[in-house]
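Below: one structure, written as structure tokens.
Letters A, B, ... mirror the listed sequences (proteins, then strands); counts begin at 1.
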Number of protein chains: 2
Amino acid sequence: MPLEWSDLRIFLAIAREGTLGAAARALGLSQPTMGRRLRALEQAVGQTLFQRTGDGFVLTDEGSAVLHHAERIEDEALAFQRQLAGRDQQLDGMLRLSSSDWFGIHILTPVLAAFAKMQPGVLIELLTDARLYSLPRREADLVFRIQPFDEPEVISRRLMHIPYGVYVASGLEHPRGGDGTGTPLITMDTTFGGMPDALWLKRILPKAHVVSRSNNRDVQGRMCREGVGVAVLPRPLGDTLPGVERIDLGEEPPGRDTWVGYHRDLKRLARLRALLDLVIERLAN
Amino acid sequence: MPLEWSDLRIFLAIAREGTLGAAARALGLSQPTMGRRLRALEQAVGQTLFQRTGDGFVLTDEGSAVLHHAERIEDEALAFQRQLAGRDQQLDGMLRLSSSDWFGIHILTPVLAAFAKMQPGVLIELLTDARLYSLPRREADLVFRIQPFDEPEVISRRLMHIPYGVYVASGLEHPRGGDGTGTPLITMDTTFGGMPDALWLKRILPKAHVVSRSNNRDVQGRMCREGVGVAVLPRPLGDTLPGVERIDLGEEPPGRDTWVGYHRDLKRLARLRALLDLVIERLAN
DNA sequence: CGATATCCATTCAAAACTGAATAGGCCTCT
DNA sequence: AGAGGCCTATTCAGTTTTGAATGGATATCG
């Protein structure tokens with residue numbers, strides 16, 4: 001009869017996912033359990049929180065009225081865990097990193113390999129994913145990205161400057177210094193249209209035409225190597241990619257700064273500190 | 001392995017009570033369960049939250065660091081329940097009131113009796129207790145007291161003015177109009193020393209001496225009726241108490257205002273509204 | 001100094017909860 | 001119209017969790 005705080009987590013999951021099955025998957029429980037716990041919660045508060053529709057659960061007025069209480073509870077529970085994790089002085093444990101794909105592959109991998117030898121007790125998980133992982137939710141402990149962090153709870157620093165270069169497949173004819181007419185381009189995904197290197201290309205080679213797009217720099221590099229066209233790549237990637245050569249269009253493409261950030265609560269997490277020290281030693285300067 | 005939100009409630013209870021047994025009583029669980037759930041919580045967060053001492057559990061640094069997170073979770077959980085209770089349009093259910101003892105007995109009882117006849121589905125619980133019940137915790141739904149409420153989440157109004165009078169046992173000699181030398185007094189508990197009627201007595205009869213104290217106005221009235229001394233009583237009590245008579249010391253003792261308050265979240269609780277309407281109709285002005 | 005009262009940990013049978021499987025409803029697609 | 005998906009509700013066996021009882025350790029009191 002009394003309210004079980006754990007049931008609020010189930011309430012949240014159902015509210016977010018919309019169906020018992022999806023909520024069950026999200027929480028690692030089973031669909032019947034979700035139904036039962038929700039019923040128990042509704043009974044405890046004496047109110048119907050969801051309207052049962054043909055295909056799922058949708059919040060009633062009462063349910064939406066209290067949704068943000070449950071969200072705040074979740075925030076506090078996450079903070080509770082984070083703050084304790086930040087006091088873990090043990091070096092063993094797990095660290096979850098997030099970065100863009102090429103950065104993870106070409107820049108981070110050697111550093112992580114060295115760290116794994118130094119600290120075999122620490123399991124490192126590197127997620128290279130387009131979506132942003134949340135530091136407050138602890139979806140990641142350490143995030144590398146190309147924009148500064150503006151959240152006040154995140155401690156961040158500029159890690160390194162990444163120069164970019166223009167590449168073509170080795171031996172292929174370099175584009176003439178003109179307006180780019182007839183030059184095939186390999187660029188980022190449309191969703192990344194506003195990125196500095198895309199704008200730069202547009203300015204230097206206004207008449208060039210795009211023949212291939214990808215959100216993955218490695219894919220762009222491979223396409224370039226296959227002779228598909230001209231690509232702007234991070235030099236750490238392009239310079240080590242066999243079969244392509246960097247060309248000079250009379251002006252360097254803009255570089256980018258890379259930032260690394262982690263949650264304040266994890267400031268004292270020994271293994272995070274150890275990894276960060278190594279990352280800075282190897283990459284910053 | 002994942003954190004159970006319900007275990008945070010157990011964490012809070014142990015932190016407050018200091019022992020597993022007391023915490024178990026507070027939550028209506030058993031002592032072994034408290035121990036097990038706490039162990040599970042500590043395991044889930046990978047940190048020792050309590051130091052096991054000879055006689056009880058005391059928070060470690062880690063535990064105190066996260067205590068206020070648990071408290072905020074509790075606040076939100078209470079708000080969650082309150083807000084839903086406030087939407088309960090059902091007239092049936094329970095209402096918990098709190099007032100001073102004499103007020104409950106002499107003023108509230110007739111109103112509550114009338115309400116019980118009008119709304120037999122509503123169970124009314126009247127707590128007359130020196131300690132203050134918390135509206136945010138919903139220890140009480142409706143509180144009557146002699147001071148205004150200053151909490152912003154409480155909706156309150158002045159209910160009625162209570163005049164006070166000076167009483168002696170019927171037939172007993174009235175104190176002379178002098179400084180009170182030789183007059184025996186019955187007053188409030190020492191902890192209520194600063195109350196207006198106590199200060200007023202001190203000014204009118206500075207030489208009078210206290211022979212009996214109680215925190216209970218009814219007890220004071222009975223003592224007075226037994227001829228023990230002079231008492232200042234609320235007139236609704238004194239005027240209806242057989243065996244005592246009101247006397248005139250040339251100046252009226254100060255009266256007091258009574259206030260009634262309830263939590264905003266319960267604004268739409270139909271049965272609370274119904275009771276309050278009756279209370280105001282019968283008592284206000 | 002022994003009696004009593006706490007406290008926590010452990011044991012063990014009973015109760016509660018869980019998840020796989022299943023049934024039934026609704027919708028879409030062919 | 002029938003097949004296939006996706007949804008919830010129900011059933012039922014297996015696991016987990018619970019609380020009463022018990023034991024041991026420590027402090028308090030007469």
| request: Not counting sequence neighbours, which residues clear ring-ring contact (aromatic ring centres under 6.0 Å, His included) with A/Phe11? List them please. | output: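 If we apply the ring-ring contact (aromatic ring centres under 6.0 Å, His included) test to A/Phe11, skipping adjacent residues, the hits are A/Phe50, B/Phe80.
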| task | Could you tell me whether A/Arg96 and A/Asp141 make a salt bridge, using a distance below 4.0 angstrom between a side-chain N and a carboxylate O? | result |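 Looking at A/Asp141 together with A/Arg96, the answer is no, because their closest N to O distance does not fall below 4.0 Å.
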| Between B/Glu151 and B/Arg264, does at least one N-O distance fall below 4.0 Å, as a salt bridge requires? |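 No, no charged N to carboxylate O under 4.0 Å.
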| task | Could you note down all residue pairs passing side chain to side chain donor-acceptor pair (under 3.5 Å) where residues 17-31 of chain A supplies at least one of them, sequence neighbours left out? | result |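 Listed once each, the pairs are A/Ser30-A/Thr33.
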| task | Residues of residues 37-53 of chain A with any non-hydrogen atom less than 4.0 angstrom from an atom of DNA chain C: list those, numerically ordered, please. | result |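 Here the set is A/Arg37.
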| field | DNA chain C contacts made by residues 15-25 of chain A, counting heavy atoms under 4.0 Å | value |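 Those residues: none at all.
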| Atom-to-atom span, CD of A/Gln31 to P of D/dA9 - whole angstrom |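 Answer to the nearest Å: 8 Å.
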| task | Find the distance A/Met34:CE to D/dT10:P and express it as a whole number of Å. | result |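 The distance from CE of A/Met34 to P of D/dT10 comes to 17 Å, rounded to the nearest Å.
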| query | Are side-chain heavy atoms of A/Leu142 and A/Phe144 found at a separation under 4.5 Å? | reply |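 Side chain of A/Leu142 against side chain of A/Phe144, heavy atoms only: contact under 4.5 Å found.
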| task | Report yes if a side-chain nitrogen or oxygen of B/Thr33 is closer than 4.0 Å to either non-bridging phosphate oxygen (OP1 or OP2) of D/dG19; otherwise report no. | result |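 Yes, B/Thr33 has a side-chain N/O under 4.0 Å of OP1/OP2 on D/dG19.
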| said: Quick check: closest heavy atoms across A/Phe57 and A/Leu38, and the distance to 0.1 Å? | reply: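 Minimum heavy-atom separation between A/Phe57 and A/Leu38: CE2-CD2, 3.5 Å.
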| If you take all heavy atoms of B/Leu8 and B/Leu41, which pair is closest and at what distance? |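 Residues B/Leu8 and B/Leu41, closest heavy atoms: CD2-CD1, 4.2 Å.
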| said: Applying the salt bridge (Lys or Arg N to Asp or Glu O under 4.0 Å) criterion to A/Glu74, which one of A/Arg16, A/Arg138, A/Arg9 satisfies it? | reply: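 Single pass found, and it is A/Arg16.
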| message | Using a 4.0 Å cut-off to any heavy atom of chain A, which nucleotides of DNA chain C are the first and last in contact, reading 5' to 3'? | response |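 Endpoints of the contacted stretch of DNA chain C: C/dT18 to C/dA21.
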| task | Check step by step if side chain to side chain donor-acceptor pair (under 3.5 Å) holds for A/His69 and B/Glu76. | result | CA-CA 6 Å; A/His69 288 300; B/Glu76 290 298 333; 2.7 Å; yes
Using a distance-only test with no angle check, is there a side-chain donor-acceptor pair under 3.5 angstrom linking [X] and [Y]?
| X | Y | result |
| --- | --- | --- |
| B/Thr60 | B/Gln51 | no |
| A/Glu4 | B/Ser6 | yes |
| B/His263 | B/Arg82 | yes |

| What residue among B/Thr128, B/Asn216, B/Asn215 forms side-chain hydrogen bond (donor to acceptor under 3.5 Å, both in side chains) with B/Asp101? |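 Answer to the side-chain hydrogen bond (donor to acceptor under 3.5 Å, both in side chains) test with B/Asp101 among B/Thr128, B/Asn216, B/Asn215: B/Asn216.
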For nucleotides 11-15 of chain D, print each protein N/O atom paired with a nucleotide N/O atom at under 3.5 Å, atom names and distance only.
none

